[in-house]
Q: 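Okay, handing you the structure first.
Hydrogens, waters and symmetry mates are skipped; everything else that's a heavy atom, side chains included, is used.
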Amino acid sequence: MVGGTRRKRLDPALQGLMGEANLRFARGDAETAERMCMEVIRQDPTAPEPFQTLATLYEEQGEIERSLQYGLLAAHLAPQDGEEWARLADMSLEQGEMVQAADCLKKAVDADPSVSRYHFTRAELLERMGDKKGALRCYKRLLGDLNMEQGEEFMQATKAIASLLHEREALEEAKKYIEEAFARHGECVTSDDVNLFLELLLSLNMSQQALTICCEWCSVQFSAEQSHVDLSNLEPEDQLAAFTELLVPEDLAADIRAKLVIILVSLRADHLSTDLCDMFLEADTEEFGDLILDIGEAMVKEKLWEKALPFFQKLVGSERYGEAAVWLQLAECQAGTNMLEMAEISYRKVVELAPHVYEARLQLSFIMHKLGRAEDALDTLQQDDQEVLNPHLMFERCQMLLAENKTEEFLTKGKLLFSRHFVTIRNKDELHAISSAKKMSSKNKALNEVRNFRCEPLNEEFEPEFETAEKITVEQEFGMFRRMCEILFEQKRFVELQRLTFSALGSPVFARKMEIVKECEFLCLLSSFFNGDSYHAYNLVRELVIKNVNNNSVWNLFNLVIMRADDVRHNRFLMRLMSRNPDNLALGILNGHNCLVAGTYKYSLGEYMSAFKADSSNPLVALMLGLTFTHMACQKFSAKKHSLVVQACSFLNTYKSLRGDCQEVNYNIGRAMHQLSLLPAALFYYKKGLEMGPSIKQEEGKEGHNMFDLSREIAFNMSLIYSSSGNMDLARMYTEKYITV
């Protein structure tokens, strides 16, 4: 470079030296020629001529790699020679230098952008190298460099762009390029181009535009019997419905004819495609099988089972197309037309040809079930535990077992299905580890720690293998899980129920939805309660109380759990919770109960009084106040016993007025009088309770109809009073009348 521009020619002296070098080379004196070229390079390193001569010289001597390097140097010094760059690209490819070849072709394109061959060669090379984005950029640049006379090259580049965009699923962008090509070079459009455009439009579900393309570029026409009727004001769908005949040119390609049928089927104008369908049904299957298959699939998509049936019947008779996928489509058509026996045969053929196609086995079982062969349907869904199991197939089998009321097998298969994401609990320690941890990672870590401590294997010895691709939703699985829990509960298999529900806590599938996690935790609470596991039941209900401290139903459940508990952990918990929620009525009552049971009556009195001030209309609080005063009056060293008795009676009367005069109220007051040894008053209330009958009446003969009847308890207490007074006859009378086994 001199002064920023490239020198065009050598000095006269160097030109003479170069001429002499070329002459020596021509005469075969390569060594002298090489030395002369080197001298020229020494004196003028920017001159391309010596490098070109050396490249040719080394090529003649068979030193291709060296020749290529000098050729590249010469090309860089004279970059405007596109053909030279293209030649160097070919040499680079011969040497296996694909990246270098691509760079050379880029230089060739820069030197002469109008030569489409450079663009196409470079784009194809980039595709071979896996650089699809680079190839796409190359084709797009070519479109900008072509002139109006290069229509064929424009169409070729457009098709290449559309193909690359189709691979990237950028269908809308591909459509824009093809539309531009059709508008710009319509005279170069071929039937292959139209076929490609139609295929793209069908992929985009743009059937109406595809039909317009057929009419515009393929001379497809329609006719109607009532030609005098003006159809131009109608919607496209109504126009198609009004047409009665389709006019197609004789020389129209078979690919476009097939796509025309697909377009009409998708537009619900299949009545116009009858002649075209008949043509394909009469055609050679081996030659036109792909087109026949496309037409059949389009009809199946629109649920035109009867029209699709002959296409697939023709295909399955062919050796080339009689594959499992085609038999499956035929079976769907037969099932859709209620040809159940024929559909069963076809599905059996699919299972025979492709045993791994579980969809066929599933549909076959449904058809057998419809035909009244439930056992055969279940056998069809049977899977060997040694093979890779399909979850969807097993799920449907479980549903069928449940419908057939085979609950035991349903539970067994259901547990096997859930084993793919449930935790297997082996002992109480693992159950505690699963329930204690909150995060999924913590659960797994705690489980592994327990198994390591017990020197047990971390994984199960036999773990069935399942397919990963699933069609079962989380909601469907959880629905089945709940049904399994219901069955175990109905059969009073509480140990299995608890194991199953706690296993679900370790499921990463259920853990994705918070509402399902809450449901699982509640089911764990219920299963622990009914299984008599008060320890874990209390842990779970405690969390429930903390989150729902103002929910009365939760407090009732908490009471049920602590009534069965073997410890008094709840006392400290309630005291701590009371400090955070001092105005909670349920907490105050429960703390009062705890103090009453512990014998600290003054503390319980304080809690009950606070609760009574907060809700003076609550009969339970008034009853508990009356009982507290009763217990205090019965203490050996209590002062002012008469005052305590009066206060007890006052609160018991308040309880009666709030609750209403009923058997329950009279029994409770009678018990208080009995404890205070006011026996005549106790007998008065007891007799009144016997006369009234149950406070909550239920239908006679129904299970548990006498659940709320306190007559036996009242009669027993009265018999105790009469026995202690020596009146054995009355005691026996009440016992024999009300207490019967």
Q: Whether the Asp615 and Ser617 side chains hold a donor-acceptor pair (N or O, under 3.5 Å, no angle test) is what I'd like checked.
A: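 Yes.
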Q: Starting from the C-alpha separation in whole Å, work towards a yes-or-no answer on side chain to side chain contact (heavy atoms under 4.5 Å, CB included) for Cys595 and Lys602.
A: CA-CA 8 Å; Cys595 295; Lys602 290 184 179 179; over 6 Å; no
Q: Hey, mind stepping through Arg483 and Glu486 against salt bridge (Lys or Arg N to Asp or Glu O under 4.0 Å) and telling me if it holds?
A: CA-CA 5 Å; Arg483 187 68 189 106; Glu486 289 170 6; 3.1 Å; yes
Q: Is there a donor-acceptor pair closer than 3.5 Å between any side-chain N or O of Arg499 and the backbone N or O of Ile425?
A: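 Yes, the answer is positive, given that a donor and an acceptor are paired below the 3.5 Å cut-off.
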Q: Compute whether any side-chain donor of one residue and acceptor of the other, for Arg569 and Asn539, lie under 3.5 angstrom apart.
A: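 Note: Arg569 and Asn539 side chains meet the donor-acceptor criterion.
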Q: Could you tell me if the ring centre of Phe510 sits under 6.0 Å from that of His421?
A: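 Between Phe510 and His421, the centre distance is under 6.0 Å.
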Q: Which is it for His674 and Tyr685 under the side chain to side chain contact (heavy atoms under 4.5 Å, CB included) test, yes or no, and what are the steps along the way?
A: CA-CA 10 Å; His674 195 168; Tyr685 285 110; over 6 Å; no
Q: Tell me whether the count of non-hydrogen atoms from other residues, nucleotides or ligands lying under 6.0 Å of NZ in Lys641 goes above 12.
A: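 Yes, because the 6.0 Å sphere around NZ of Lys641 holds more than 12 heavy atoms from other groups.
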Q: Which atoms form the tightest heavy-atom contact between Ala672 and Leu652, and what is the distance?
A: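 Heavy-atom minimum between the residues: CB-CD1, 3.6 Å.
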Q: Indicate whether the side chain of His593 and that of Glu607 have a donor and an acceptor atom separated by less than 3.5 Å.
A: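 Side chains of His593 and Glu607: no pair found under 3.5 Å.
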Q: When you look at Phe481 and Phe422, which way does the ring pair (Phe, Tyr, Trp, His ring centres under 6.0 Å) test go after all the steps?
A: CA-CA 11 Å; Phe481 169 71; Phe422 274 22; 5.7 Å; yes
Q: Would you say Thr628's side chain and Tyr601's backbone share a donor-acceptor pair under 3.5 angstrom?
A: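 No, because the side chain of Thr628 does not come within donor-acceptor range (under 3.5 Å) of the backbone of Tyr601.
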Q: Going through the checks in order, is the side chain to side chain contact (heavy atoms under 4.5 Å, CB included) test met by Cys520 and Phe478?
A: CA-CA 9 Å; Cys520 288; Phe478 183 68; 3.8 Å; yes
Q: Are Arg397 and Glu409 ion-paired here, with the side-chain N under 4.0 Å from a carboxylate O?
A: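 A salt bridge links Arg397 with Glu409.
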Q: State which residue, out of Asp533, Leu523, Val561, fulfils the side-chain contact (heavy atoms from CB on, under 4.5 Å) condition with Ser528.
A: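 Only match with Ser528 under side-chain contact (heavy atoms from CB on, under 4.5 Å): Asp533.
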Q: Among Leu625, Leu627, Val621, which one satisfies side-chain contact (heavy atoms from CB on, under 4.5 Å) with Leu623?
A: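 Per the side-chain contact (heavy atoms from CB on, under 4.5 Å) rule, the option paired with Leu623 is Leu627, out of Leu625, Leu627, Val621.
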Q: I'd like to know if the side chain of Glu477 reaches the main chain of Ile472, judged simply by a donor and an acceptor atom lying under 3.5 Å from each other, with no hydrogens or angles considered.
A: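 No, because the side chain of Glu477 does not come within donor-acceptor range (under 3.5 Å) of the backbone of Ile472.
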Q: Can you check whether Met578's main-chain N or O pairs, donor with acceptor, with Asn591's side chain at less than 3.5 Å?
A: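 Not confirmed, Asn591 side chain does not pair with Met578 backbone.
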Q: Looking at every heavy atom in both Ala622 and Phe612, which two are closest together, and how far apart are they?
A: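 Looking at all heavy atoms of both residues, the closest pair is CB-CE1, 4.1 Å.
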Q: I'd like to know whether CZ of Phe573 has more than 12 heavy-atom contacts from other residues, nucleotides or ligands below 6.0 angstrom.
A: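 Check passes, neighbour count above 12.
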Q: Do His570 and Arg542 pass the side chain to side chain contact (heavy atoms under 4.5 Å, CB included) test, and can you show the C-alpha distance, the side-chain angles, and the key distance before you say yes or no?
A: CA-CA 8 Å; His570 62 279; Arg542 180 179 59 191; over 6 Å; no
Q: Just by distance, with hydrogens left out, do Asn727 and Ser725 show a side-chain donor and acceptor under 3.5 Å apart?
A: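 Ser725 and Asn727 do not have a side-chain donor-acceptor pair below 3.5 Å.
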Q: Decide, yes or no, whether a salt bridge links Arg493 with Glu408 under the criterion of side-chain N to carboxylate O below 4.0 Å.
A: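 Yes, Arg493 and Glu408 are salt-bridged.
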